[in-house]
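One structure below.
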Amino acid sequence: KTVLITGASGYIATHTIDSFLRQGYNVRGTVRSQKSASEVLKTHAKYPGQLTTVIVPDIAAPNAFDEAVRGIDGIIHLASPFITNAVDFDKELFQPAVKGTTSVLESAHKYSPDITRIVITSSFASVLDPAQGTRPGYTYTEADWNPVTPETASANPVVAYLASKTFAEKAAWDFVRDNKPNFDITTLLPPMVYGPADQHVEDATKLNTSSADIYRLIDGSEKEVPDTSFWAFADVRDLAEAHVRAFERPEAAGQRYLITSSGYSYQNVVDIIRERFPELREKTPKGNTGAPLPPVYRLDTSKAVKELGMKFRTLEETIVDTVNSFAKLQQ
Ligand code: NDP
């Protein structure tokens, strides 16, 4: 079977491609440029012949995926901007997130009669209600939706990013409801994703947003432990595996899944780094060592455990492997 994976150059896509290749699938990855195509093929060189690339220069353009979707059996849609410093929210976030998603679905509907399932990497962004803050005692489930509207979406770049993911996921469910295509969809809802940054990156300034979130804790740029932005994480390798299971399991049809290991804080992260990497202690802020997680919202992960059979790595394993993966950036 061949799956199309959009945004093949990305951090999560790199692990997702690896999981599909390892399990014997052929993968066609979409990228924006020839240079990116070469890097993606190099990253997965140990699976010669199983991976090809196709260039889709602008995912928000009409009919962008018409060629890419032909002859494939499934799609994993990951291409979407994860940036928290956008200036032109419409152009940099809403258009690629929403039109990128509907364009994948439209092309599949028109040109891919064999597709049975499209897995969309949505986000906890489309679940949480940012106005509720840390919401002690509350447990988010797949029934929750970020209540953001087009009127409230442009308050600041972070709200706009969260909104772009919410609108994109809603557009996907609306598409299925309105067009009744041959395929069904499954959406995955990870919070902050950490773990080895195995994608090609030129230098540390080009790291993806969630990896950069950890990198700044070891490069000396943070003198104090920053305020935690989101209080839950997932390991990128677990999330990659969840994509394969969401693609394969019949019961995942039409479902959303929170994919998360546990709650965490940046204090927990620096505690692990300072304990496991003594050589980084000078550059890693100390904060209040050992402080437990404060009372904050939780995420109910029982649906992914029950229906996708997920087991999740611990924060310690994830952070140690994340930091080790940064070694290549310092050479
Ligand atoms: P990356 O930035 O590493 O990857 C993003 C991918 O999307 C890249 O392949 C990038 O291509 C592509 N992309 C971004 N903007 C555009 C655009 N305007 N047009 C075409 N392609 C674009 O991030 P992640 O791997 O972290 O993110 C992958 C997905 O996972 C996204 O949908 C994100 O919202 C979601 N997600 C990520 C989380 C995290 O903590 N990392 C948490 C929850 C959800 P290029 O290389 O050419 O820029």
Side-chain angles (χ1 to χ4, degrees), residues 4-18 29-40 43 53-61 64-65 68 76-86 88-101 103-104 119-128 146 158 160-169 172 187-202 205-215 229-230 232-240 242-243 256-261 264 299 318 322:
L4 182 77
I5 299 190
T6 68
S9 55
Y11 164 62
I12 298 171
T14 299
H15 286 274
T16 305
I17 291 171
D18 185 71
T30 76
V31 290
R32 288 202 259 192
S33 67
Q34 189 55 52
K35 182 170 179 298
S36 186
S38 311
E39 298 297 353
V40 167
T43 300
T53 55
V54 51
I55 297 177
V56 177
D58 179 6
I59 60 172
F65 292 94
I76 313 298
H77 178 50
L78 282 136
S80 198
F82 180 11
I83 51 170
T84 51
N85 59 356
D88 183 339
F89 300 154
D90 196 48
K91 186 158 165 275
E92 293 175 77
L93 290 170
F94 304 145
Q95 297 266 358
V98 179
K99 288 204 179 149
T101 302
S103 167
V104 164
V119 180
I120 297 171
T121 316
S122 185
S123 172
F124 178 56
S126 68
V127 173
L128 100 160
N146 182 337
V158 173
Y161 167 68
L162 303 177
S164 76
K165 296 300 288 179
T166 309
F167 298 157
E169 193 191 338
T187 63
L188 301 182
L189 314 165
M192 289 301 273
V193 182
Y194 301 134
D198 289 347
Q199 76 277 26
H200 169 78
V201 270
E202 307 264 314
T205 64
K206 306 272 171 35
L207 272 173
N208 64 287
T209 297
S210 60
S211 298
D213 197 42
I214 301 298
Y215 191 79
S229 344
F230 301 98
F233 84 99
D235 187 286
V236 67
R237 295 159 292 188
D238 296 338
L239 178 59
H243 282 86
R256 311 175 84 200
Y257 291 100
L258 281 165
I259 302 294
T260 174
S261 172
Y264 85 109
L299 277 60
T318 301
T322 310

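These numbers were taken from a predicted model, which means no experiment stands behind them. For reference, positions follow the sequence shown, starting with 1. First listed ligand is number 1; within each ligand, the first listed atom is number 1.
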Can you tell me how far [atom2] of [Y] sits from [atom1] of [X], rounded to the nearest 0.5 angstrom?
| X | Y | atom1 | atom2 | answer |
| --- | --- | --- | --- | --- |
| His77 | Ile5 | NE2 | CD1 | 12.5 Å |
| Leu78 | Ile120 | CG | CD1 | 10.5 Å |
| Leu258 | Thr187 | CG | OG1 | 9.0 Å |
| Ile55 | Thr30 | CD1 | OG1 | 10.5 Å |

For [atom], what's the nearest protein heavy atom and its distance?
| atom | result |
| --- | --- |
| atom 48 (O) of ligand 1 | Arg32 NH2, 2.8 Å |
| atom 2 (O) of ligand 1 | Asn208 CB, 4.0 Å |
| atom 32 (O) of ligand 1 | Lys165 NZ, 2.7 Å |
| atom 40 (O) of ligand 1 | Val193 N, 2.8 Å |
| atom 3 (O) of ligand 1 | Tyr11 N, 2.8 Å |

Practice item. Indicate the ring-plane relationship of Phe94 and Phe167, choosing parallel, tilted or perpendicular according to the 30° and 60° boundaries. Key: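 The arrangement is tilted - the two ring planes meet at 30° to 60°.
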
Before signing off on this row, confirm whether [X] and ligand 1 have an N or O atom pair separated by under 3.5 Å.
| X | answer |
| --- | --- |
| Ala8 | no |
| Ser123 | no |
| Ser9 | yes |
| Gln199 | no |
| Ile12 | yes |

Near [X], which atoms of ligand 1 are under 4.0 Å from a heavy atom of that residue?
| X | result |
| --- | --- |
| Pro190 | 42 (C), 43 (C), 44 (C) |
| Met192 | 40 (O) |
| Pro191 | 40 (O), 42 (C), 43 (C) |
| Gly7 | 9 (O) |
| Pro81 | 14 (C), 15 (N) |
| Thr121 | 30 (O), 32 (O) |
| Ser122 | 44 (C) |

When you look for heavy atoms under 4.0 Å from ligand 1, do you find them on the side chain of [X], its backbone, both, or neither?
| X | result |
| --- | --- |
| Phe82 | side chain |
| Ser210 | side chain |
| Ser33 | neither |
| Ala60 | neither |
| Phe230 | neither |
| Pro96 | side chain |

Point to revise | Partner of Thr121 by side-chain hydrogen bond (donor to acceptor under 3.5 Å, both in side chains), out of His243, Glu169, Lys165 | key: His243

Would [X] and [Y] count as having a side-chain donor-acceptor pair, cut-off 3.5 Å?
| X | Y | value |
| --- | --- | --- |
| Ser210 | Asp213 | no |
| Arg237 | Thr318 | no |
| Asp18 | Thr16 | no |
| Thr43 | His200 | no |
| Lys91 | Gln95 | no |

Review point. Using the benzene-type ring in the case of Trp, are the ring centres of Tyr11 and Phe82 under 6.0 Å apart?
Key: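 No: the rings miss the under 6.0 Å criterion.
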
Check your understanding: Counting N and O atoms only, with roles assigned by atom type, does the side chain of Ser261 sit under 3.5 Å from a partner on the main chain of Phe233, one being a donor and the other an acceptor?
Key ->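 No; zero donor-acceptor contacts below 3.5 Å.
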
Exercise for review: Please state whether Phe124 comes within less than 4.0 angstrom of ligand 1, counting heavy atoms only.
Suggested key: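 For ligand 1, residue contact (heavy atoms, under 4.0 Å) with Phe124 is absent.
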
Check your understanding: Mind checking whether Gly100 has a heavy atom under 4.0 Å from ligand 1?
Key ->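 No, Gly100 has no heavy atom closer than 4.0 Å to ligand 1.
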
Practice item. Test side-chain contact (heavy atoms from CB on, under 4.5 Å) on Val54 and Val31 and set out the steps. Key: CA-CA 6 Å; Val54 51; Val31 290; over 6 Å; no

Practice item. Run down the list Gly195, Gly10, Ser80 and name the one with the heavy atom closest to atom 12 (C) of ligand 1. Key: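 Closest candidate by heavy-atom distance is Ser80.
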
Revision key, fill the gap. Closest to atom 29 (C) of ligand 1 (heavy atoms only, candidates Asp58, Thr209, Leu78, Ile59) is Leu78

**Study point:** Salt-bridge criterion met for Arg32 and Glu39 (N-O under 4.0 Å)
**Key:**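 No.
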
